[in-house]
Amino acid sequence: MKEVIRFDNSDEARMVLGSHDSNLRLIRKALGVDIAFRGDSVMVRGSDEATEMARRILTELHSRIRTYGRLQEGEPETIVSSMTAPDEETTRDRIRVFYRDRVIIPKSAGQQEYIEAIRDHDIVFCTGPAGSGKTYLAVAMAVSAVREGMLRKIVLVRPAVEAGEKLGFLPGTMQEKVNPYLRPLYDALNDMMDFGQVQKYVERDIIEVVPLAFMRGRTLNDSFIILDEAQNTTTMQMKMFLTRLGANSKAVVTGDVTQTDLPPGEISGLLDARRILREIPGIAFIALQRADIVRHHLVQEIVDAYERYSPGPETATDAPRRPAGAATVKSQS
């Protein structure tokens with residue numbers, strides 16, 4: 001079967017096909033079709049089913065570009081993955097956030113399990129490689145909880161240890177020092193809420209982004225608390241963080257245990273937590289895998305390469321996704 005999809009102009013067609021035809025190659029690899037680009041049109045040739053699916057994917061990419069002016073990073077991969085596995089996709093959660101009434105959908109079985117763990121448990125530990133959605137999905141669930149009125153506050157926390165750099169050496173006031181360091185958390189928020197709304201929520205203390213050291217002595221009620229980069233906590237810091245949990249609150253702890261910046265010989269509080277807390281009911285441990293990576297396709301290859309050449313004592317990908325004991329999550333995959 002042959003299908004020809006025409007666009008308004010050649011520039012629009014190039015946007016759909018992606019930089020250096022990356023989206024074209026993605027579709028070709030996923031469906032096994034032949035695709036050729038001619039001026040303002042794309043010709044697809046293959047089996048009836050594959051050709052029709054390619055047409056639907058190209059139409060969806062075109063629609064996203066017309067609506068938002070561009071495709072977000074990783075969005076073509078998500079569209080291809082979701083549309084080539086529709087039966088599995090329809091069983092996954094839809095996380096509603098503020099920005100343009102956007103709906104965020106887990107992009108893999110592991111991510112879906114992570115969302116279910118957050119929904120069903122008050123404390124969730126999630127480890128996984130870079131790009132697997134650990135922080136992004138936790139922030140999405142937090143924003144959704146505030147949007148639905150289930151919780152009144154979001155607290156985003158990071159330990160002040162990063163690649164050997166110290167906040168004290170950065171110029172400016174304390175707020176100016178910590179803002180660049182906490183930027184990734186703001187980036188996730190700005191993907192789900194308008195910039196002005198984020199600022200308003202920060203001013204009203206509905207959203208708080210804070211270094212871990214500032215958490216000592218606090219009790220957080222009616223809050224969704226996320227500890228990001230938790231592989232850089234010590235055991236005592238982890239204990240301090242977890243004991244901040246107040247009434248009607250949730251805590252999600254995320255990290256990549258292959259990227260610890262702690263001094264040599266210091267045990268990561270994230271790794272130690274699994275050993276100490278794994279038998280406590282109400283606590284879930286999720287380990288996302290290479291297959292859950294949803295960034296640029298090269299990120300998967302990079303993660304694999306580093307694991308081959310510099311394996312750590314324990315990695316997120318070789319830890320069990322559901323450890324034995326009471327603090328487990330039922331498999332949905």
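Everything numeric here is computed off the predicted structure, so don't read it as measured data.
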Could you check whether any side-chain N or O of K134 sits under 3.5 Å from a backbone N or O of G128, counting only pairs where one atom can act as donor and the other as acceptor?
yes
CE-OG1 distance between M238 and T243, expressed to the nearest 0.5 angstrom:
11.5 Å
Check for me, please, whether I280 and L242 land in the same ILVMFWY cluster - side-chain distances under 4.5 Å, paths through other members count.
yes
Quick one: does M215's side chain get under 4.5 Å of V155's, heavy atoms only?
yes
With a cut-off of 6.0 Å (strictly less than), are more than 12 heavy atoms of other residues, nucleotides or ligands near CZ of R6?
no
Looking at side-chain heavy atoms only, is the closest gap between K2 and V44 below 4.5 Å?
no
Nearest 0.5 Å, what's the CZ-OG distance between R119 and S144?
10.5 Å
Donor-acceptor pair, K250 side chain versus S223 backbone, under 3.5 Å?
no
Is C126 close to V253 at the side-chain level, that is, under 4.5 Å between some pair of heavy atoms?
no
Which is it for D228 and T254 under the side-chain hydrogen bond (donor to acceptor under 3.5 Å, both in side chains) test, yes or no, and what are the steps along the way?
CA-CA 5 Å; D228 190 35; T254 70; 2.9 Å; yes
Using atom types as modelled and distance alone, determine if a side-chain donor or acceptor of D194 lies under 3.5 Å from a backbone N or O of G196.
no
Min side-chain heavy-atom separation L156-V210 under 4.5 Å
no
Does a donor on one side chain sit under 3.5 Å from an acceptor on the other, for N9 and E12?
no
d(R218 CZ, I225 CD1) to nearest 0.5 Å is 9.0 Å
Is there side-chain contact between F285 and L277, with at least one heavy-atom pair below 4.5 Å?
yes
Do side-chain atoms of Q289 reach the backbone of A287 as a donor and acceptor pair under 3.5 angstrom?
yes
Is there a donor-acceptor contact under 3.5 Å linking the side chains of Q112 and E116?
yes
Quick check on the hydrophobic clustering: are F195 and V143 connected, directly or via other members, by side-chain heavy-atom contacts under 4.5 Å?
no
If I take atom CD1 from residue I35 and atom CG from residue L17, how far apart are they, to the nearest 0.5 angstrom?
8.0 Å
Derivation of the side chain to side chain contact (heavy atoms under 4.5 Å, CB included) call for V157 and F214:
CA-CA 9 Å; V157 185; F214 292 12; over 6 Å; no
Just how far is it from atom CZ of R28 to atom CG of N23, taken to the nearest 0.5 Å?
12.0 Å
Do M150 and I115 belong to the same hydrophobic cluster, where Ile, Leu, Val, Met, Phe, Trp and Tyr are linked whenever their side-chain heavy atoms lie under 4.5 Å apart, directly or via other members?
no
Between K153 and D205, does the salt bridge (charged side-chain N to carboxylate O under 4.0 Å, His left out) criterion hold? Intermediate values first, please.
CA-CA 7 Å; K153 180 167 181 158; D205 205 32; 2.9 Å; yes
How close do R278 and R274 get, counting heavy atoms only, and between which atoms?
CB-O, 3.0 Å
Quick one: CD on Q237 to CG on L227, what's the gap to the nearest 0.5 Å?
9.0 Å
Return the minimal non-hydrogen interatomic distance between D122 and L245, and the atom names on each side.
O-CD2, 4.5 Å
Is the backbone N or O of I286 less than 3.5 Å from a side-chain atom of Y114, with the two atoms forming a donor-acceptor pair by type?
no
Minimal non-hydrogen separation, Q231 against L270, with atom names:
N-CD2, 3.8 Å
Can you check whether D222's main-chain N or O pairs, donor with acceptor, with S249's side chain at less than 3.5 Å?
yes
Starting from I267, can I reach L212 by hopping between I/L/V/M/F/W/Y residues whose side chains sit under 4.5 Å apart?
no
Output, in order, the C-alpha distance, side-chain angles, deciding distance and verdict of side chain to side chain contact (heavy atoms under 4.5 Å, CB included) for T235 and I276.
CA-CA 10 Å; T235 297; I276 296 170; 4.3 Å; yes
Is it the case that D292 and S108 place a side-chain donor and acceptor less than 3.5 Å from each other?
yes
Nearest heavy-atom contact between P129 and L288 is CD-O, 3.5 Å
Any chance you could lay out the side chain to side chain contact (heavy atoms under 4.5 Å, CB included) test for V139 and I154, step after step, and finish with the verdict?
CA-CA 9 Å; V139 172; I154 300 170; over 6 Å; no
Any side-chain to backbone donor/acceptor pair from R244 onto M240? Under 3.5 Å, distance only.
yes
Testing the basics here: between V4 and M43, what is the closest heavy-atom pair and its distance to 0.1 Å?
CG2-CG, 4.1 Å
Step through the shown structure and confirm whether more than 12 heavy atoms of other residues, nucleotides or ligands are within 6.0 Å of CZ on R152.
yes
Would you please test L151 and N248 for side chain to side chain contact (heavy atoms under 4.5 Å, CB included) and show each step?
CA-CA 8 Å; L151 296 172; N248 190 38; 3.8 Å; yes
Non-hydrogen side-chain atoms of V202 and V209 separated by less than 4.5 Å
no
Output yes when a side-chain donor or acceptor of T51 lies under 3.5 Å from a complementary backbone atom of R45, and no otherwise.
no
Any idea which heavy atoms bring V97 and A140 closest together, and the distance?
CG1-O, 4.0 Å
Side chains of Y136 and M192 in contact at under 4.5 Å (non-hydrogen atoms)
yes
Determine, stepwise, if the pair R55 / E52 fulfils salt bridge (charged side-chain N to carboxylate O under 4.0 Å, His left out).
CA-CA 5 Å; R55 185 195 63 78; E52 171 61 19; 2.6 Å; yes
Any idea how H62 and F7 line up, ring-wise: parallel (<30°), tilted (30 to 60°), or perpendicular (>60°)?
perpendicular
Beyond-backbone contact of L137 with Q111, side-chain heavy atoms, under 4.5 angstrom
yes
